[in-house]
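If you read the sequence from its start, that first residue is 1, and numbering goes on from there.
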Amino acid sequence: MKHAADFETTVAGIPCGVVVTHYLIDEADDRDFVERDWFLVDRKGYRANWLEKKVTREEERRIAYEIDEVMA
């Protein structure tokens, strides 16, 4: 099944897209809590499970930041 990426990025130097499936900011206390659910797609729009296995913690933090920028 093809998906439209919300934005483009790279993982392990490989171009791909990010599809955001859930985004919620909880401002109930003094600190904001953000829930993000997302997955990667290849350049044709197909889910790239094989590429998700290559995501490092650093890349995961970068993608979370990119999601926040796009969803703002």
Side-chain angles (χ1 to χ4, degrees):
M1 179 175 177
K2 287 181 87 168
H3 302 275
D6 291 298
F7 63 93
E8 302 295 319
T9 193
T10 60
V11 168
I14 301 168
C16 58
V18 176
V19 176
V20 180
T21 58
H22 176 76
Y23 187 80
L24 175 69
I25 300 175
D26 182 0
E27 300 171 347
D29 57 14
D30 292 338
R31 298 172 301 206
D32 290 346
F33 177 76
V34 181
E35 292 180 20
R36 302 172 199 86
D37 290 321
W38 52 276
F39 62 89
L40 299 176
V41 293
D42 62 19
R43 291 188 287 179
K44 293 182 180 180
Y46 294 99
R47 188 158 185 165
N49 293 325
W50 62 273
L51 189 55
E52 290 177 4
K53 295 175 184 175
K54 296 181 179 285
V55 175
T56 64
R57 286 199 183 264
E58 182 179 314
E59 288 174 318
E60 189 172 344
R61 284 190 295 269
R62 176 182 50 82
I63 292 169
Y65 176 78
E66 292 174 343
I67 291 170
D68 291 345
E69 291 294 307
V70 169
M71 301 302 283

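- In the hydrophobic clustering of ILVMFWY residues, with side-chain heavy atoms under 4.5 Å counting as a link, V70 and L40 come out together.
- In this structure, I63 is a member of the same hydrophobic cluster as L51, with clusters built from ILVMFWY side-chain heavy atoms closer than 4.5 Å.
- What you find for G17 and A5 is that their closest heavy atoms are CA-CB, 3.8 Å.
- The shortest distance between side-chain heavy atoms of D6 and V18 does not fall below 4.5 Å.
- For residues 36-64, the ring-ring contact (aromatic ring centres under 6.0 Å, His included) pairs, not counting sequence neighbours, are H3-F39.
- With respect to the salt-bridge test (charged N to carboxylate O, under 4.0 angstrom), the residues R47 and E52 qualify.
- Counted within 6.0 Å of CD on E58, heavy atoms from surrounding residues, nucleotides or ligands total 12 or fewer; the atom is thus considered open.
- Linking ILVMFWY side-chain heavy atoms closer than 4.5 Å, directly or via other members, places V19 and V11 in two distinct hydrophobic clusters.
- I14 is connected to F7 through a chain of hydrophobic side-chain contacts under 4.5 Å among Ile, Leu, Val, Met, Phe, Trp and Tyr, so both are in one cluster.
- Looking at every heavy atom in both residues, K54 comes nearest to E59 through O-OE1, 3.5 Å.
- Side-chain atoms of D68 and R36, non-hydrogen and from C-beta on, do get closer than 4.5 Å to each other.
- In the hydrophobic clustering of ILVMFWY residues, with side-chain heavy atoms under 4.5 Å counting as a link, V41 and V55 come out apart.
- R62 places a side-chain heavy atom less than 4.5 Å from the side chain of T9.
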